[in-house]
Protein chains: 2
Amino acid sequence: MKQYDHPLAQDMQLSCLLYALSDPFRLAVVRKLAACQPQPCAPLQGGRPKSSVSHHFAVLRKAGLVRTEVVGVTHMNSLREQELESRFPGLLAAILAAASVEDVPA
Amino acid sequence: MKQYDHPLAQDMQLSCLLYALSDPFRLAVVRKLAACQPQPCAPLQGGRPKSSVSHHFAVLRKAGLVRTEVVGVTHMNSLREQELESRFPGLLAAILAAASVEDVPA
DNA sequence: CCATTAGTTCGATTATAGTCGAACTAATGG
DNA sequence: CCATTAGTTCGACTATAATCGAACTAATGG
């Protein structure tokens with residue numbers, strides 16, 4: 001059974017987090033997870049090949065944003081909201097709010 | 001007299017902002033500006049060659065984070081706090097708060 | 001008008017990231 | 001035990017970004 005590295009909250013780095021979220025695809029994944037949790041990777045693919053999606057999830061995990069747990073055949077992803085909140089209070093909420101401001105049509 | 005492009009608040013893009021701030025040097029610049037404003041580039045160089053610094057300022061301007069105004073020989077930089085606030089309320093504050101959490105020694 | 005200061009621009013080099021197909025792995029169902 | 005499903009890993013290629021020296025520009029001071 002495959003296991004993933006998930007950094008401890010105290011080891012999360014802001015630059016790594018911001019970098020992970022600066023990619024529109026990854027930000028979209030985080031937003032979808034925020035709306036519906038946990039989810040496997042498949043419904044979040046958005047037409048990309050599996051290898052690309054897998055790469056983006058690895059970046060999100062390394063930043064500490066997403067936790068992936070193996071549940072049978074599927075890998076369930078969720079946001080690490082509590083750990084993120086303990087490390088950087090209010091940050092994720094502010095970024096998610098900014099993201100939803102952005103895609104309101106002008 | 002040289003002029004710079006500064007995007008309108010409504011044209012600022014979240015991914016561009018997060019990307020700009022995901023670089024530790026650029027984040028440090030933003031933090032220093034938040035603490036003391038406006039400032040020329042020179043005191044923010046941190047030992048880097050001028051061409052690199054100039055590049056990083058260009059990224060910050062393009063993201064909408066920094067405004068640069070020519071004042072005689074020096075170029076004065078400031079944060080575009082109001083515009084940022086109007087576009088993404090609370091975002092800059094949350095990121096600055098996260099940055100200061102991060103460099104508190106464990 | 002010349003030197004100085006502050007910063008930009010250019011061009012080359014290097015490093016880091018994204019993208020994708022193909023082969024792989026681990027768990028499940030028949 | 002074989003096929004299927006879900007996702008990873010690998011390797012190659014491409015694209016984007018960082019870095020830095022050198023030449024440039026624009027404003028000021030002497």
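Throughout, a chain's letter reflects where its sequence line sits, starting with A, and its residues are numbered from 1.
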When the distance from [atom1] of [X] to [atom2] of [N] is rounded to whole Å, what number comes out?
X	N	atom1	atom2	value
A/E69	D/dG7	CD	P	14 Å
A/L44	D/dG7	CG	C1'	13 Å
A/M76	D/dT8	CE	P	14 Å
B/Q3	D/dT25	CD	P	18 Å
B/F57	C/dG7	CZ	P	8 Å
A/Q45	C/dC20	CD	P	12 Å

- Heavy-atom side-chain proximity of A/R67 to A/M76 below 4.5 angstrom: no

- Query: Does the side chain of A/Y19 reach to within under 4.5 Å of the side chain of A/C16, using non-hydrogen atoms?
  - Reply: no

- Query: Among residues 32-41 of chain A, which contact DNA chain D at a heavy-atom distance under 4.0 Å?
  - Reply: A/P40, A/C41

- Message: Applying side chain to side chain contact (heavy atoms under 4.5 Å, CB included) to B/E102 and A/R87, what does each step give before you reach the verdict?
- Response: CA-CA 8 Å; B/E102 191 172 41; A/R87 176 70 168 132; 3.7 Å; yes

- Indicate if B/V101 and A/L65 have the same hydrophobic cluster label, given that clusters are the connected sets of ILVMFWY residues with side-chain heavy-atom separations under 4.5 angstrom. yes

- same_hphob_cluster(A/L18, A/V59) at 4.5 Å side-chain heavy-atom cutoff: no

- Could you pull out the closest heavy-atom pair between B/A34 and B/L96, with the gap in Å?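 Taking every non-hydrogen atom into account, CB-CD1, 3.9 Å.
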
- Could you tell me which non-hydrogen atom of A/A9 sits nearest to which non-hydrogen atom of A/R80, and how far apart they are?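 Minimum heavy-atom contact is N-NH2, 4.3 Å.
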
- Note on the structure: Residues pairing under salt bridge (Lys or Arg N to Asp or Glu O under 4.0 Å) where one sits in residues 20-34 of chain A, two or more places apart or in two chains, turn out to be A/R31-A/D103

- Task: Do nucleotides 13-23 of chain D as a string where each nucleotide becomes B, S or -: B if the base has a protein heavy atom under 4.0 Å, S if just the sugar-phosphate does, - if no protein is that close.
- Result: ----SSBBBB-

- Item | Residues which pass side-chain hydrogen bond (donor to acceptor under 3.5 Å, both in side chains) with B/S15, listed by chain and number, not counting sequence neighbours | none

- Testing A/L44, A/N77, A/L60 for side-chain contact (heavy atoms from CB on, under 4.5 Å) with A/V30, which one passes? A/L60

- Message: Enumerate the ring-ring contact (aromatic ring centres under 6.0 Å, His included) contacts for residues 31-64 of chain A, please, sequence neighbours excluded, ordered by first and then second residue.
- Response: A/F25-A/H56

- Where DNA chain C forms runs of at least three Watson-Crick or G-U pairs (i with j, i+1 with j-1, under 3.5 Å), the stems are C:1-30 with D:1-30

